[in-house]
Peer 1: 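After the structure tokens below, expect a handful of questions from me.
So that the names make sense, note that chain A is the first sequence line, chain B the second, and so on, each numbered from 1.
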Protein chains: 2
Amino acid sequence: MTDKGVQTINRALDIIEILSMERQGLGVTEIGNRTGLHKSTAHRLLNTLAERGYIEREPQNGSYRLGLKFVEVSSIYLNKIELKTEAQPFLRKLVETVGQPAHLAILNGTDAIYIEKIEALSSIRLYSQIGRRIPAYCSALGKALMAGLNESDLNKLADQTDFYPYTQNTILNKADLLKSVDLVRKKGYAVDDEEHDEGVRCIAAPVYDYTGRIIASVSTAGDKKIISKERDDEIGKYVKEAAEGISRRMGYTNPVYPAF
Amino acid sequence: MTDKGVQTINRALDIIEILSMERQGLGVTEIGNRTGLHKSTAHRLLNTLAERGYIEREPQNGSYRLGLKFVEVSSIYLNKIELKTEAQPFLRKLVETVGQPAHLAILNGTDAIYIEKIEALSSIRLYSQIGRRIPAYCSALGKALMAGLNESDLNKLADQTDFYPYTQNTILNKADLLKSVDLVRKKGYAVDDEEHDEGVRCIAAPVYDYTGRIIASVSTAGDKKIISKERDDEIGKYVKEAAEGISRRMGYTNPVYPAF
DNA sequence: AACTGTGTTTTATTATATGAAACACGATGA
DNA sequence: TCATCGTGTTTCATATAATAAAACACAGTT
């Protein structure tokens, strides 16, 4: 066996990830075909995962789909994150103040991953969902996170970034991205100026922990008529207040916020 | 090997579930001790799970914790459920109408599991969280789900139920539970009259699919001063409207709702 | 009635996972 | 400063668990 980890676990995770991409369940033979496994092998792996609730078998047609155990484990995990717990009241206040949904995200590779979202009423449908990823280069949350990286890590991340023009405003090269990150450091907040979704603008600020490192970012997001250019500084102030409040709860002691 | 499924998968899931219960990470040796595995075995399983993002290693102290991949898989899964997608606008409307959080849940064993929660502003902190389970016998969501079971399944579920007195109002025996389910069938909606949390009342109604079976339930929940006894019929009407709307979206064709 | 494809079970085989041993390293105490 | 201890990591001989080929059961189709 080569040094590629435990084969059986990788096979099981292959099955899980294939099923996670399907709206309908898949049968044993189909799962076997897609994973390159013999159907009897797939069958035994499926049954073990089903026994534990990570996969469910539909009695009607015998197909397999993901089980609720993932939702449970995810929920348990998310609700044990101190950051998320401490952030709740500040995010709620931000929603009340700006009237738009608020988010909390952390950096993962070249993406930001939403770990909390507080909805607002009567707001437009947004891309954000807990658990979802958004590329760092074209999101306010991501750029706020990038602003906290040292130059070496920042350059490395920019080099790994695949630029894709989601809109006419999307940043498409490293130089522009670094300029944008520099602007975040100057203003203390990041802006997504319809860079990911037409008509949607976002404003984000970084969250620090007790070591002074940026561990997350907070944002408000909504229709460009509400999160308008003219209100950037005003809304930026609210977002920074929320982010600073969370930072202090996470042990941030530097009297200066943000620490750019 | 006995017929207990694939040992390696069970071992990996044991590790995952142990880590999901910890706020802090755990070290290799500690994980080995708690799972009965040799530390070198635990090490290899951990590394494979880490390689795939289901577990993360904290560089500072080398301990392991759950990774974001669970949140991602869970999110992908939840957002592929047609039921949840179709329910969104009805739940939002329910929140606007009643002013309290709205929930969607499905039955799993003797519990109801929340698969969607739409928050309201300025509402009290509730027990409900996406992914969390609540015993069916002492929740409106659960009783609405139970009301859709045939007598055989209903009796079986009641027999399997461990009754625990969460509050002075909690149902504590099978006879009272069956009476309560009967009342749900009469009124068309279920009530949690502070049966799980002091001061919190909930009202729920069943969601049917195209086969006419109950597949989920919808509820509103909040402070007993707002979800007061006097408003049961009024709020019950709103909840039934939301649940019926979702049912229709799921292909429910029976002109009579609910179909008790 | 025959055929086809899927799901399930059995079991001989062997490839993989295991764990014992050894090593590296950091923390601790004498 | 050095010895000890406990943890994390790696190696590798081997036991055993996982595999997949074969066979069977079953439902749907022609």
Peer 1: Tell me the interatomic distance from B:Leu46, atom CG, to C:dT18, atom C1', rounded to whole angstroms.
Peer 2: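 Whole-Å distance recorded here is 15 Å.
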
Peer 1: For B:Asn10 and D:dA17, give me the distance from atom CG to atom C1', rounded to whole Å.
Peer 2: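 Result: 13 Å.
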
Peer 1: For C:dG19 and B:Arg11 - does any side-chain N or O of the residue sit under 4.0 Å from the phosphate oxygens OP1/OP2?
Peer 2: yes

Peer 1: Which nucleotide in the set D:dT9, C:dT16, D:dA20 lies at the smallest distance from any side-chain heavy atom of B:Tyr64?
Peer 2: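 Out of D:dT9, C:dT16, D:dA20, the nucleotide with an atom closest to B:Tyr64's side chain is D:dT9.
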
Peer 1: What nucleic acid atoms does B:Thr41 come within less than 4.0 Å of, heavy atoms only: base, sugar-phosphate, or nothing?
Peer 2: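 B:Thr41: base contact, heavy atoms under 4.0 Å.
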
Peer 1: In whole angstroms, how far is the P atom of C:dA15 from the CD atom of B:Gln7?
Peer 2: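 In whole Å, C:dA15 P lies 20 Å from B:Gln7 CD.
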
Peer 1: For B:Arg44 and D:dA18, what is the distance between atoms CZ and P respectively, to the nearest whole Å?
Peer 2: 14 Å

Peer 1: Please give, in whole Å, the distance from D:dT9 C1' to B:His43 NE2?
Peer 2: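 Atom NE2 in B:His43 sits about 5 Å away from atom C1' in D:dT9.
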
Peer 1: Are A:Tyr252 and A:Tyr210 close enough that their ring centres sit under 6.0 Å apart?
Peer 2: no

Peer 1: Between A:Asn150 (side chain) and A:Asp153 (backbone), is there a donor-acceptor pair under 3.5 Å?
Peer 2: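 Side chain of A:Asn150 to backbone of A:Asp153, a donor-acceptor pair under 3.5 Å: yes, one is there.
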
Peer 1: With distance as the sole criterion, is a donor-acceptor pair present between the side chains of B:Thr29 and B:Lys39 under 3.5 Å?
Peer 2: no

Peer 1: Want to settle it: does A:Asn61 or A:Ile9 sit nearer the 5' end of DNA chain C, counting the closest nucleotide to each?
Peer 2: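 Closest to the 5' end, via its nearest nucleotide, is A:Asn61.
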
Peer 1: Given side chains that start at C-beta, do those of B:Asn254 and B:Tyr208 come closer than 4.5 Å, heavy atoms only?
Peer 2: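 Not touching, per the 4.5 Å side-chain cut-off.
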
Peer 1: In terms of heavy-atom contacts, does CD of B:Gln129 have more than 12 from other residues, nucleotides or ligands at under 6.0 Å?
Peer 2: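 Yes, CD of B:Gln129 has more than 12 neighbouring heavy atoms, counting only those of other groups under 6.0 Å.
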
Peer 1: Considering only heavy atoms, which members of residues 22-40 of chain A lie under 4.0 Å from some atom of DNA chain C?
Peer 2: A:Gly27, A:Val28, A:Thr29, A:Lys39, A:Ser40

Peer 1: Within a 6.0 Å radius of atom CD on B:Glu17, are there more than 12 heavy atoms belonging to other residues, nucleotides or ligands?
Peer 2: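 Check passes, neighbour count above 12.
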
Peer 1: What is the distance from CG of A:Asn47 to C1' of C:dT10, rounded to the nearest Å?
Peer 2: 15 Å

